[in-house]
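Below is one structure; the comments refer to it alone.
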Amino acid sequence: MNPAAKWLFDLYKSSGLTKQKFAKRCGMCAIQISRWERGEQDPYPASIRKAGAAFGVEPPEEIIEAAEEAGRSRRVKKHRKFQSQNRRE
């Protein structure tokens, strides 16, 4: 679990809410939280800010940076996959 996902997961756990109620309060989907928890996806910086705002917490800058870095890695992987698929055709 990357630092951004961990921060969100810790916020969720400390809220004492169910996953569904936490997601609704943050304007998200509970499935999204489950994917972060399992490491299947990394949260976007906007999701972190949204969750923090819903609970009156300012996410640390290093958490936002970790989410941005994960996003850059995700885009690079997606681009490479697209390129390799186009080469085969």
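The residues of the chain are indexed from 1 along the displayed sequence. Everything numeric in this text was worked out from a predicted model, so none of it was measured. All values below come from the heavy atoms of this structure, side chains included, with hydrogens, waters and symmetry mates left out.
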Please tabulate, one pair per line, all N/O donor-acceptor pairs under 3.5 Å involving side-chain atoms of residues 52-61, not counting sequence neighbours.
none

Legend entry - Any Pro43 side-chain heavy atom under 4.5 Å of Asn2 side chain: yes

Legend entry - Qualifying residues under salt bridge (Lys or Arg N to Asp or Glu O under 4.0 Å), relative to Lys6, sequence neighbours excluded: Asp10

Legend entry - Side chains of Lys50 and Cys26 in contact at under 4.5 Å (non-hydrogen atoms): no

Legend entry - Pairwise side-chain hydrogen bond (donor to acceptor under 3.5 Å, both in side chains) hits with a residue in residues 19-30, at least two apart: Lys19-Ser34, Lys19-Glu37

Legend entry - Atom pair CH2 (Trp36) and CH2 (Trp7), whose distance is rounded to the nearest 0.5 Å: 10.5 Å

Inset, instruction - Measure across Cys29 and Ala23 and return the closest heavy-atom pair with its distance rounded to 0.1 Å. - result: C-CB, 3.7 Å

Legend entry - Student check: side-chain heavy atoms of Ile48 and Leu8 closer than 4.5 Å: yes

Inset, instruction - Considering non-hydrogen atoms only, spot the tightest contact between Ile63 and Pro3 and give its length. - result: CD1-O, 3.6 Å

Inset, instruction - Identify, with sequence neighbours excluded, every residue that meets salt bridge (Lys or Arg N to Asp or Glu O under 4.0 Å) alongside Glu40. - result: Arg38

Inset, instruction - Return the minimal non-hydrogen interatomic distance between Met28 and Ser47, and the atom names on each side. - result: CE-O, 3.1 Å

